[in-house]
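See structure below.
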Amino acid sequence: MKQMKGVVITGKNTLAVSDSCPLPEEICPTGALIRPLIWSPCTSDAHLCATGCASLPYLLGKAVGHEMCGVITQVGSDVHDFKPGDRVIVCAVMPVWRSLEAQDGHSKNRQDNMYAGKDYPDRGGSFVEEYYIRDADMNLALIPEGVTLEQAVMVPDMMCTAFEGVRQLDTEFGASVAVLGIGPVGLMAVRAAVLHGAGKVFAIGSRQVCFDVAKAYGATHLVDYHNEDYIDQIIEANGGPVDGVVLCGGSEKELSKGLKMLKNGGTLVNLSAYFSGMPIEIDPAVWGFGYGDKTIKGVGCGGGRLWMSRMAQLIACGRVEPEKMITHRFHGMERIPEAMDLFLNHDRSLIKPVIYND
Ligand code: ZN
């Protein structure tokens, strides 16, 4: 096993650059090695760090990170569509494409964890010098001409998650959509809803920096959740409860709030992760006492080359400008812990940081 540099979680709220992240001597026939050109830390990386990897204990001491673009340095003998030198978007989730679940249209139900994987349990995350993945033909996407690195690194999780959520919301033309929580995934959900033909789009948050981007993405109403009656305000402005809700953050209690602003017969897509172990309670009144015909979908990041390529096309064609969300830029792996501190310190100027590997 070769050793390389990577950013590892060493305990609660502590990160360090380590020299001893493992890299396999040989890659599998469908595999590839990618040298990162840009990284972006995510709220979920920060959560792992804040808890000392409570939800993924095997990751403690291993490299963190799952949003990265880079250049291919090596491919296995069975990789047909990519070659060394290609600049690629690296998947944030790694479905097992040769599985019955994938044939059944539910590739997300059978994934290798990005940080481990049956083929290579030592993998860790992608904040490393060189990242190894399997099934490169299915899990990488070329960065199109004219798309910058910092645009491309918003694809694997921010766009692939938010657009998957809105795809599953299945908005009708002119329908009203409320996005509850406008961090970077919520902001991408605002844009996705607009592109999907929504009419009124309510962006619910609290920070001006996020409201500004939500407005640029086409939100029609900016709503501060610190106003006690913000749900009533939305219902009034919409002329009734909204057709669809996308939940992008907050605690277990937000689900009832999302359902409260949703019409009977509407759909709520949840993109939040709930790791606290607390039960998720639903106030029966907001669910029509069980008869509201309200659908709740729990949705995760959409993976795979096709989905990532489509997201990249949205950028290449000028329909999505994800770089508007980037508030902090760093250079060099050594700066990754500093970028992560922005999350850990709840910096109110932060939407999304990127770190160039130069
Ligand atoms: Zn992420």
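Whatever order the structure lists ligands and atoms in, that order sets their numbers, starting from 1.
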Can a donor-acceptor pair be found, under 3.5 Å and without considering hydrogens, that links the side chain of Y131 to the backbone of A32?
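Checking the backbone N and O of A32 against the side chain of Y131, no donor-acceptor pair under 3.5 Å is found.
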For R207 and L350, indicate whether the former's side chain and the latter's backbone hold a donor-acceptor pair under 3.5 Å.
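Yes: the side chain of R207 pairs with the backbone of L350.
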Which residues satisfy the side-chain hydrogen bond (donor to acceptor under 3.5 Å, both in side chains) test with [X], sequence neighbours excluded?
X: N345; result: none
X: S309; result: none
X: E323; result: Q151

Sub-2.8 Å protein N, O or S atoms surrounding the Zn ion (ligand 1):
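Per the 2.8 Å query on the Zn ion (ligand 1), atoms found are C42 SG, H66 NE2, E67 OE2, D157 OD2.
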One thing to verify: whether E67 and K352 come together as a salt bridge, which I'm taking to mean a side-chain N less than 4.0 angstrom from a carboxylate O.
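Salt bridge present between K352 and E67.
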